[in-house]
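To start, the structure under review is shown below, and the notes come after it.
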2 protein chains.
Amino acid sequence: MPSNAEPAPVSAKPPVTLREVAAAAGVSVATASKALNGQGRMTAETRERIRETARLLGFRPNSLAQSLLRKRSFTVGLLTNDTYGRFSLPLMAGVSDALVDKGVSVFLCNVEDDQRLGQLHVEAMLDKRVDGIVATGKRIDRHLPVDLSNLRIPVVYAFTQPDPGAVGLVSDDAGGARLAVEHFLRLGRRRIAHVSGPASFAVVHARAQAWRDVLKENGLAASEPLLGAWSEAWGHDAVEKLFGRAGREEWPDAVFCGNDQIARGVIDALRERGIRVPEDVGVIGFDNWEIVAEATRPPLTSVDMNLSTLGREAGLALLSLVDGQPAAPGIRKLPCRLVVRQSCGGPPE
Amino acid sequence: MPSNAEPAPVSAKPPVTLREVAAAAGVSVATASKALNGQGRMTAETRERIRETARLLGFRPNSLAQSLLRKRSFTVGLLTNDTYGRFSLPLMAGVSDALVDKGVSVFLCNVEDDQRLGQLHVEAMLDKRVDGIVATGKRIDRHLPVDLSNLRIPVVYAFTQPDPGAVGLVSDDAGGARLAVEHFLRLGRRRIAHVSGPASFAVVHARAQAWRDVLKENGLAASEPLLGAWSEAWGHDAVEKLFGRAGREEWPDAVFCGNDQIARGVIDALRERGIRVPEDVGVIGFDNWEIVAEATRPPLTSVDMNLSTLGREAGLALLSLVDGQPAAPGIRKLPCRLVVRQSCGGPPE
DNA sequence: CCTGCATGAGAAAACCTTTTCCCAACCCGC
DNA sequence: GCGGGTTGGGAAAAGGTTTTCTCATGCAGG
């Protein structure tokens, strides 16, 4: 096997072990271990000498060995079916950040919508003795294509449908919608339309219901929301529906959109019709996707789901579960936040 | 410590070990191990009995123990400073996919631009005995904020500046630009302008040079490229510069843009001026960011950097390095691909 | 001087798997 | 019946660390 002749790791020397540190310091491995971990009893002089030796040798304990013994790997799995997607990114970053602080590393596992792949990943993680799993997805009303309900390690669901009895974290879509509509009302807008995505999404209904509720609470009549696709094109079409009819005095003075892409389509279509934003019509989007929200003319006020906070909270929840703290099962909703840019203007002229 | 009273893992029973399998099958652990791994010699009957027992008990070998022994963890680290970014996503997915097939898991490490965080992550990965590291970033002319040059494990750089002597994979920007310009030429376009991002990016020069080269090769004069920002707004401004001047016959009949956002700005601005795309002017973008390229009117023809292929190649390269196959150091450029939509039209009327 | 205890440090088991070496039994041919 | 080879399987070490136990020493008190 010629390929084995020169395995050629980049630099040959293997990591220094505790045994070598102990030998160099003239003590046993047991003493060395205790010295470095602040355990056991020994003279301050001995402890310091061992520590110094370890430092000099560049000793770093082998996590594999530690994990094997402690039955705790300081490693968690992050399962997602949305690697390409826009939502999982900030979420993953949040999870990762929360855990890095505690010295925990994250396995990234992309399962797409493949059962087999999901199974594979979960088994690999279990074999590697992850301490827990965070499951995230691209929509909160769908399950991941893999069953995590009977694992022997804790699981936290973030932005995906949790199994019954598990702990799940999602954004408070209704609250976010309220934020938007109430913002319009504060600015004096009264005829507030709602243009959103497909009816098959749970969030579409949650947001629409909140929109209706706020209007009703303020004595205003709500028309039917306009449901379509999550696209700019649908934003264009919706403007045609809303502003194409006669009766200029019936036109909305505000449009609350189900996402930023729709909002962009709406803004573009309004401009093309000569309707001014925000003077004539205010627009609010959802998601606060900066690349979109900052490119619209004018820049788009939008509801931010605080996904990275959501991820962080998920990470922390998992950690406390791993530490044996019982957590209340059920879905916890985290508040959204309104990011105000220029598409709503000030109070009406 | 009341919190330790009930550590309460979700389900109490620990994983079944090889020892238990061996006991249940009435053999020694050595024999059990060999039976399951297809090693050693024993009667077919014995081997089968052990396998069956293991299956029944749901035995899965403890990766930690295996890794400790084999000095190979089947784990690699993925270091990025672009968790939120658009480039790292497909890249990460590609790396992950390539490795999952070989039973290798990926640690996701987001270092942003933080030296300290980078150091922390690298040390954590080393401690966990990753077999290698893939380093990726958001631009190919910048180093990650961390030094990976003297690690004892192999490192592959993808879409980020490699250390000297290391193996790096990047997209062939010049080739991608050629693809675009040659496409224009094939369609009969002759006055091809180039609008790109800031001069501080190496890719800006690579693409501009290729643009110049192709024009020269075809006996056409190249003006100066218009350099600005990676934004839609700059696309608008560039149109003003290109089409604002008199001499309609001097107007370009094609604009090759440095990215899709610029291209979108260009297309929008052209429409606002009443200049038709693609009839009057063809537009090509770069990046093939579908969310942008499919939303422009008309949909945008764009150069795709094949980032997920890049990621996959990086993963495979790392794997062969880990296996001791020496790899030629230096930067390898992977071809781009032109995704044709409708912003260039057919041959001119 | 002897008992008892605190102190400092080491031996060894444990975590779980793989692999090398070894041994007993059996079979073959002579 | 016996030497040599084969066959089936086990004992033990190794990997690196942590932790529990044990032990020797020295000192104080009686």
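Chain A is the first sequence line, chain B the second, and so forth, proteins listed ahead of strands; every chain is numbered from 1.
For residues 31-55 of chain B, proximity to DNA chain C is found at B:Ser33, B:Lys34, B:Asn37, defined as any non-hydrogen atom under 4.0 angstrom from a strand atom.
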Worksheet item: Going through the checks in order, is the side chain to side chain donor-acceptor pair (under 3.5 Å) test met by A:Ser149 and A:Asp147?
Response: CA-CA 6 Å; A:Ser149 56; A:Asp147 180 24; 2.6 Å; yes

Worksheet entry | Full working for salt bridge (charged side-chain N to carboxylate O under 4.0 Å, His left out) between A:Glu52 and A:Arg55 | CA-CA 5 Å; A:Glu52 185 60 17; A:Arg55 226 179 38 70; 2.9 Å; yes

Determine all donor-acceptor pairs shorter than 3.5 Å in which one atom belongs to a side chain in residues 132-142 of chain A; sequence neighbours excluded.
residue, atom, partner, partner atom, Å
A:Lys138, NZ, A:Asn81, O, 3.3
A:Arg139, NE, A:Asp141, OD1, 2.7
A:Arg139, NH2, A:Asp141, OD1, 3.3
A:Arg139, NH2, A:Asp141, OD2, 3.0
A:Arg139, NH2, A:Ser200, O, 3.0
A:Asp141, OD2, A:Ala202, N, 2.6

Could you list the donor-acceptor pairs under 3.5 angstrom formed between side-chain atoms of residues 308-316 of chain A and any protein atom two or more places apart in sequence or on another chain?
residue, atom, partner, partner atom, Å
A:Glu313, OE1, A:Arg332, NH2, 2.9

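For the pair B:Thr17 and B:Asn62, the minimum side-chain heavy-atom distance is 4.5 Å or more.
Contacts between chain A and DNA chain C, taken as any atom within less than 4.0 angstrom of a protein heavy atom, begin and end at C:dT7 to C:dC16. When DNA chain D is scanned 5' to 3' for any atom under 4.0 Å from a heavy atom of chain A, the first and last hits are D:dG16 to D:dT20.
Summary of the strand contacts: B:Val29 and B:Arg129 both lie near DNA chain D, and taking for each the nucleotide with the nearest heavy atom, the more 5' one is attributed to B:Val29.
Here the closest non-hydrogen pair linking B:Pro145 and B:Glu112 is CG-O, 3.8 Å. Shown here for A:Ala24 and A:Thr53, the closest heavy-atom pair between the two residues is CB-CG2, 3.6 Å.
Open room surrounds CD on B:Gln115; 12 or fewer heavy atoms of other groups in view lie less than 6.0 Å from it. Shown here is A:Arg72, whose CZ atom has more than 12 heavy atoms of other residues, nucleotides or ligands within 6.0 Å.
For the helix from C:dC1-D:dG30 to C:dC30-D:dG1, the axis fitted to the five pairs at one end and the axis fitted to the five pairs at the other end meet at an angle of 70° (nearest 10 degrees).
With rounding to the nearest 0.5 angstrom, the OG1 atom of A:Thr80 is 8.0 Å from the CG atom of A:Leu108.
Each of B:Ser67, B:Ser105, B:Ser73 was evaluated against A:Lys128; a single residue qualifies, B:Ser105, per the side-chain hydrogen bond (donor to acceptor under 3.5 Å, both in side chains) test.
Distance alone, capped at 3.5 Å, places no donor-acceptor pair between the A:Asp131 side chain and the A:Val76 backbone.
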